[in-house]
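All of these numbers come straight from a predicted model, not from anything done at the bench. The chain is numbered in sequence order, starting from 1. Whatever order the structure lists them in is the order used to number ligands and atoms, beginning at 1.
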Amino acid sequence: MSKSPQSRNESSDDFEQVPVIDVSALSSRDPHRRQDLAAQIYYACTKVGFFYISNHGISQELLDSVHNAARRFFALPSEQKMEYYVGKSQKYRGFMPIYTEQMADMEIGDDTKNSSTGALLESFDIGYEIPLDPERTANDTLPPDTYSLYGENQWPIEEVLSGFRDIYTRYCAEALRLSRSLMRCFALALNLEEDYFDSMMKYPGVTSRMLHYPPQPVQGEIMLGLGAHMDYECFTILSQDNVPALQVQNMRGEWVLVPPIPGILVVNIGDCLSIWTNKIFRSTIHRVINLTGEERYSIPFFFGVDYDATVSVLPNCISEERPMCENPFKAGQFVRAQLAKSYVAYQGEGSGDS
Ligand SMILES: O=C(O)CCC(=O)C(=O)O
Ligand SMILES: [Fe+2]
């Protein structure tokens, strides 16, 4: 999920690495522990826009299973993967073959093979549906689809990939639970009531992708897996395998590696939450280049509020020196606009909501 970077800021108060935060206090009954965690998270969000989270509550077994499911999906023959082609869905969900995703930004040096070839990455994308959500029951129905974003996922059938749907659904349910806790922590960090965002997370605008970055096909030529971009939802929870390739840009314009740490997830702030905080929380530019010679798999989970929620810059983030950066907008309107930009190359075949 990407958007072109706008600008770079200069600052002496810069970061050289991404901090690790133990988030076990997310579920603590002790308000002081929650407040203390919120302070650490505030610091990471304002200085870096990225942080690792340990003790997040998602089991290693589930993380291994969902990564295994991703490897099994991408190992399918191409014709089988194309059964779930993203162009068959009007909701940007499904399989996107290698070299089809268009890159936001290509400037990494003269030896870079560039945009004409697209990204060195294939993906499988899903979006919010009721069975993913542990806070909804089978009797719940989706709200009106004003922004044409809710809908069905193109799940691989059981005969092709047994257990795939179940495992990815279980992972998303856990990621949703964690996301709602993180939003409560962000509320605390921003001096709001802890439940400030709760009424806006009933049917959250969630998407997730399984990503596969093959090794460089030609030695000496560097191809980007994902070009420099910012995410545009509220935030992203990223599960990496053990292959390092993600880099984030600090304010001096230097690329800082975010190496995988076993069992630990990465969280980064996206544009929507950044705007909500009048850009006090940073939506940081990042990119992926797999130079390791190994296959890399990662699973980002993008969390946004309900599409009909209004994002209105928080009054306590506005000051004379920092005037309001944006007028209020509907979260769904914003997501729609960003999606249309990211998927310019792909023309939906409009064959229904599947
Ligand atoms: O694969 C990764 O490590 C990062 C993916 C990412 O930045 C994205 O999907 O927006
Ligand atoms: Fe990203």
_Test of proximity, R209 against ligand 1: N or O pairs below 3.5 Å_ = no
*Based purely on interatomic distance, does H229 place a nitrogen or oxygen under 3.5 Å from a nitrogen or oxygen of ligand 1?*
yes
Atoms of ligand 1, numbered as shown, that sit under 4.0 Å from any heavy atom of [X]:
| X | value |
| --- | --- |
| H286 | 7 (O) |
| V288 | 1 (O), 2 (C), 3 (O), 4 (C) |
| L211 | 1 (O), 5 (C), 9 (O) |
| D231 | 10 (O) |
| F302 | 8 (C), 9 (O), 10 (O) |
| P300 | 9 (O) |

_Intermediate values then yes/no, side-chain contact (heavy atoms from CB on, under 4.5 Å), I237 and F302_ = CA-CA 7 Å; I237 298 174; F302 304 96; over 6 Å; no
All N/O donor-acceptor pairs, side-chain side in residues 324-335, below 3.5 Å, sequence neighbours left out:
from	atom 1	to	atom 2	distance (Å)
K330	NZ	D308	O	3.0
K330	NZ	T310	OG1	3.2
Q333	OE1	K330	N	3.3

*Give me the one residue out of N153, D125, D145, T207 that meets side-chain hydrogen bond (donor to acceptor under 3.5 Å, both in side chains) with K91.*
D145
*With sequence neighbours left out, write down each residue that passes side chain to side chain contact (heavy atoms under 4.5 Å, CB included) with S27, or none if nothing qualifies.*
none
*Should the proximity of T236 to ligand 1, defined as any heavy atom under 4.0 Å, be assigned to the side chain, the backbone, both, or neither?*
neither
*Pick one of side chain, backbone, both or neither for how L226 approaches ligand 1, counting any non-hydrogen atom pair under 4.0 Å.*
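Side chain only; the backbone of L226 stays clear of ligand 1.
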*Looking only at heavy atoms, what is the nearest atom pair of G94 and Q154, with distance?*
CA-NE2, 3.9 Å
*If the Fe ion (ligand 2) is the vertex, what is the angle to NE2 of H229 and NE2 of H286, rounded to 10 degrees?*
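Taking the Fe ion (ligand 2) as the apex, the two atoms subtend 90°.
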*With respect to F186, which candidate in F235, W276, Y196 satisfies the side chain to side chain contact (heavy atoms under 4.5 Å, CB included) definition?*
F235
*Would you please indicate yes or no on a ring centroid separation below 6.0 angstrom for Y297 and H212?*
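Close enough - the centres of the two rings lie under 6.0 Å apart.
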_Nearest N/O/S atom of D231 with respect to the Fe ion (ligand 2), by atom name, please._
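The nearest such atom is OD1.
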*Tell me, yes or no, whether the heavy-atom count around Q17 atom CD, taken from other residues, nucleotides or ligands under 6.0 Å, exceeds 12.*
no
